[in-house]
Each structure stands twice: as C-alpha cells, then as structure tokens.
Number of protein chains: 2
Amino acid sequence: MTLIAEQAAQNGVSTAAADASKERLRLWLKLLKATRLVEADLRERMRSQFITTLPRFDVMAALRRAPEGLRMSELSSALKVSNGNVTGIVDRLVSEELIVRTPVHNDRRAMIVRLTAKGCEEFDALAAAHESWVDGLFGGVGRDEARELGRALDRIAAEAAAHMEATREGRVNQDD
Amino acid sequence: MTLIAEQAAQNGVSTAAADASKERLRLWLKLLKATRLVEADLRERMRSQFITTLPRFDVMAALRRAPEGLRMSELSSALKVSNGNVTGIVDRLVSEELIVRTPVHNDRRAMIVRLTAKGCEEFDALAAAHESWVDGLFGGVGRDEARELGRALDRIAAEAAAHMEATREGRVNQDD
DNA sequence: CCGAGATATTTCAAGCTTAAAATTTTTACG
DNA sequence: CGTAAAAATTTTAAGCTTGAAATATCTCGG
C-alpha cells in the first residue's frame with residue numbers, strides 16, 4: 001500500500017487500491033475457510049470410517065501411482081512436505097504392513113518405499129470413498145465454473161510457488 | 001458412483017458421471033494445492049520476518065476485533081478449532097505478554113482473553129504486512145473473477161459445513 | 001440445601017509439521 | 001588413494017491439532 005493510500009485508509013477514506021487489496025484479502029480468507037472445512041470433513045470421514053488420516057492417504061496415493069516405488073526424497077518432494085515428516089508417516093504405515101521399505105542396491109543411503117498388496121487394497125477402497133465424498137461436496141460447482149476456478153487457482157499457486165522459489169534462492173526484495 | 005458407471009470405469013469406458021466426478025476431484029486437488037502453497041509462503045514470511053506463526057496470527061486477529069476480549073470458548077468457536085488447541089496457543093501468547101487472561105466475575109470457570117497494548121501494536125504491524133503479502137499473491141486475479149470465485153467457494157464451504165453438522169447431529173446416511 | 005446434569009476450561013495421548021542438526025554413504029577432485 | 005563436499009535419510013525440539021478424559025464450577029429441580 002502506498003503512503004497516500006495508507007493515510008487515506010486511516011482517515012476512513014477508501015481508494016481504489018485499498019479496496020482491491022481488501023477484496024483480495026477477503027478472497028484469501030474464503031479460500032482458506034472453504035479448504036479447511038472440506039479438509040475437516042474429509043478428515044472426519046477418514047477417521048471414523050477407515051481409521052486413517054489424510055497425510056497417510058496422501059502418501060499412499062503417491063505410492064499407488066508408482067508401482068516400482070519411490071525413494072524417501074522423491075516421496076517428500078512429490079508431496080511437498082519435509083523429509084522428516086515423511087519418515088514419521090512411513091514408519092507408521094510400515095508398522096501396519098501397508099507399505100515396505102527396501103534398501104537400494106547401488107546406494108546404501110537411500111530407501112525405496114512401495115505399497116504392499118494389502119496397502120493397494122486398502123488404498124483403492126479409500127480412494128473410491130474419497131472420490132465420492134469430494135463429488136458430493138463439489139456437486140454445486142458447475143462445469144464451466146470449475147474450469148474458471150481451476151485457472152484462477154493455478155495462477156495463485158504459480159505466484160506463491162514463484163515467490164517461495166525466489167526467496168529460497170536468496171533474491172532480495174524490498175517488500176519481502 | 002453407480003454400479004454401471006463403476007463397471008464402465010473398470011473397463012476403461014468413461015461415462016458422463018465418472019468424468020464429472022474426476023473433474024471435481026481435480027478441482028479439489030487444485031484448491032488444496034493453491035491453499036497449501038499460499039499458506040506455506042505466508043508461514044515462511046511470518047516466521048522469518050516476525051518470528052511468529054499463522055495460528056498465533058489467527059488468535060490475535062480474532063481478539064483485535066473484540067476490544068472487550070473473548071472467552072476461551074468464544075475464541076475456539078470463532079476460529080473453529082478445538083478448545084485444547086486454543087489453550088496452548090494462548091499460553092504461549094500470554095508468556096510473551098501479547099495477551100492477558102482475566103477471570104470472569106460471575107463465573108469462576110470462565111476466562112476472558114484480551115490483547116495487551118503491546119499485542120495490539122504487534123498485531124497491527126503484522127496485519128499490514130500480511131495484507132500486502134496476500135495482495136501480491138492474489139494480484140493475478142481480476143475483480144469479476146474474484147467475485148465468481150468467492151461465490152463458488154461459499155457454496156463449497158456451505159456444503160462441507162452442512163455435511164459436518166448433519167453428521168455431528170447423528171443423521172444416518174447410506175453414503176456417509 | 002443438595003445432587004444431577006450442563007458448561008468452561010485444561011490436560012493428555014497421539015499424530016502431523018517444520019527447520020535444523022546429526023548420521024551415513026557417495027562422489028569427485030587433487 | 002584420501003579426503004572434502006554433496007546427498008539421502010533420520011533424529012530432535014518445538015509447535016500445531018484433534019478427540020477424549022479430567023477438573024472445576026454453575027444451574028436448577030426437588
């Protein structure tokens with residue numbers, strides 16, 4: 001916000017820039033609210049109907065698409081979560097025999113993680129239920145509307161990813 | 001998914017219903033991805049520039065709008081998080097003298113939580129930065145587009161809230 | 001007044017999440 | 001070959017989150 005706009009806002013006078021900024025803030029709050037509500041609903045259904053959690057589901061979904069398995073580092077970058085996080089979730093899934101860790105031949109540092117037959121079965125049941133839950137929750141969104149929404153979300157995601165990338169690479173910016 | 005649609009899907013034959021379902025699932029994944037990226041970016045900026053976190057910001061924002069303060073239960077229902085969660089966050093904010101807990105006269109069970117002067121100051125600086133960060137991230141979304149996006153998000157949020165409410169009240173449904 | 005049930009909050013156990021430090025192994029250069 | 005830097009993973013400390021159990025207090029009918 002510019003100095004002039006800020007002073008205007010402090011005086012209760014609105015400017016086009018300040019209005020647009022408030023509107024974007026409201027949009028972000030709506031986005032956050034909708035996402036949290038959907039997540040809470042899905043979490044509750046996973047918990048009560050399948051005795052599992054969304055993070056476990058995410059890990060299993062990534063592995064389902066990789067029949068040969070994934071390295072721990074591939075898994076954490078696919079899910080965009082920290083390495084240590086994946087370690088914990090994988091530990092628990094291994095202890096329930098839903099996935100297996102196998103060492104990599106050429107590289108004794110690395111581990112490959114793969115779904116077991118039991119893990120595949122459980123995931124497929126979970127995934128079918130999950131799709132139907134989402135279908136119900138998003139039923140009120142029309143096809144054209146969904147496409148437009150998707151494009152806007154892609155732009156927002158790209159902007160956030162670009163900013164984080166730039167920050168991580170040490171770029172310095174006056175308003176960071 | 002109906003039995004026929006499921007068989008069709010298993011045969012690799014697509015149906016209108018199955019297509020729509022997959023499209024809604026993709027929309028949900030995009031929504032989740034965009035929200036998580038924005039949250040990660042905001043979290044990182046809060047952490048590195050203000051040494052604080054989003055949950056703390058949320059608590060302070062709720063209190064900023066309530067000069068008389070809020071009860072712990074009002075706070076947790078405003079933020080839609082569990083009671084125990086708020087207890088922990090408030091404990092930490094109190095230890096930094098950003099908020100204060102005061103007993104309620106008529107009711108020795110209850111506590112009122114309020115921002116201190118220091119808390120107000122810190123929040124206002126934080127909130128200004130937060131608004132400008134969001135403004136930057138959402139700059140690519142046009143005004144009309146934002147309005148339409150907002151309406152769709154409201155519908156999705158309402159659907160999720162309604163389902164959770166119905167579940168909590170013990171309604172039984174075949175596909176829950 | 002008293003006790004049962006309701007209400008407000010905290011505590012607890014378990015799991016998720018991150019950033020940073022530690023560990024182990026590999027790679028590549030001198 | 002030897003070793004320093006890089007890479008893969010795990011560990012750790014701190015905080016967030018939930019649901020459920022525990023505490024403390026209040027309300028209200030008898």
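Below, chain A is the first sequence line, B the second, and so on; all start at residue 1. Just so it is clear, the values below take in all heavy atoms, side chains as well, and ignore hydrogens, waters and symmetry mates.
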Quick one: closest heavy-atom pair of A:P67 and A:R114, and the distance? O-CD, 3.1 Å

Could you tell me whether A:R143 and B:E23 have a side-chain N and a carboxylate O separated by less than 4.0 Å?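 Yes, A:R143 and B:E23 are salt-bridged.
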
Under 4.0 Å between a side-chain nitrogen and a carboxylate oxygen: does that hold for B:D154 and A:K33?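 Answer for the salt bridge query: no.
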
Give [X] one of three labels, base, sugar-phosphate or nothing, depending on what nucleic acid heavy atoms sit under 4.0 Å from its own.
X	result
B:L54	nothing
B:S82	base
B:V81	sugar-phosphate
B:D107	sugar-phosphate

Just how far, in rounded Å, is [atom2] of [N] from [atom1] of [X]?
X	N	atom1	atom2	value
A:N85	D:dC16	CG	C1'	13 Å
B:R43	D:dG15	CZ	C1'	11 Å
A:L37	D:dT18	CG	P	12 Å
A:R71	D:dA7	CZ	P	13 Å
B:R108	D:dT23	CZ	C1'	14 Å
A:E44	D:dT18	CD	P	12 Å
A:E74	D:dA7	CD	P	15 Å
B:M46	D:dG15	CE	C1'	16 Å

From the 5' end of DNA chain C to its 3' end, which nucleotides mark the outer limits of contact with chain A, defined by a 4.0 Å heavy-atom distance cut-off (strictly under)?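 Result: C:dG15 to C:dT26.
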
With the side chain defined as heavy atoms from C-beta on, A:M72 is closest, among D:dT10, D:dT17, D:dG19, to D:dT10

Shortest side-chain distance from B:P55, nucleotide among D:dT10, D:dT17, D:dT18: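 The closest nucleotide is D:dT17.
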
Side chain of B:T116, backbone of B:G119: donor and acceptor closer than 3.5 Å?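 Yes, the answer is positive, given that a donor and an acceptor are paired below the 3.5 Å cut-off.
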
Within the distance-only criterion (no hydrogens, no angle test), does the side chain of A:K118 pair as donor or acceptor with the backbone N or O of A:E96 below 3.5 angstrom? yes

Between the side chains of A:R45 and B:H163, is a donor N or O closer than 3.5 angstrom to an acceptor N or O? yes

Nearest-nucleotide wise, let me know which of B:G88 and A:R47 is further upstream toward the 5' end of DNA chain D. B:G88

Between A:R56 and A:H105, which residue's closest nucleotide on DNA chain C lies nearer the 5′ terminus? A:R56

Under 6.0 Å between the ring centres of A:F123 and A:F57? yes

Is it the case that D:dA7 (base atoms only) and A:R109 (side chain only) share a donor and an acceptor within less than 3.5 Å, ignoring hydrogens and angles? yes

Spacing of A:L153 atom CG and B:L29 atom CG [to the nearest 0.5 Å]: 11.5 Å

Tell me whether the OP1 or OP2 atom of D:dC16 has a side-chain N or O from B:T53 closer than 4.0 Å.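 The answer is yes; a side-chain N or O of B:T53 sits under 4.0 Å from OP1 or OP2.
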
Taking only side-chain N and O atoms of A:R101, does any of them lie within less than 4.0 angstrom of OP1 or OP2 on D:dT10?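 Result: yes.
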
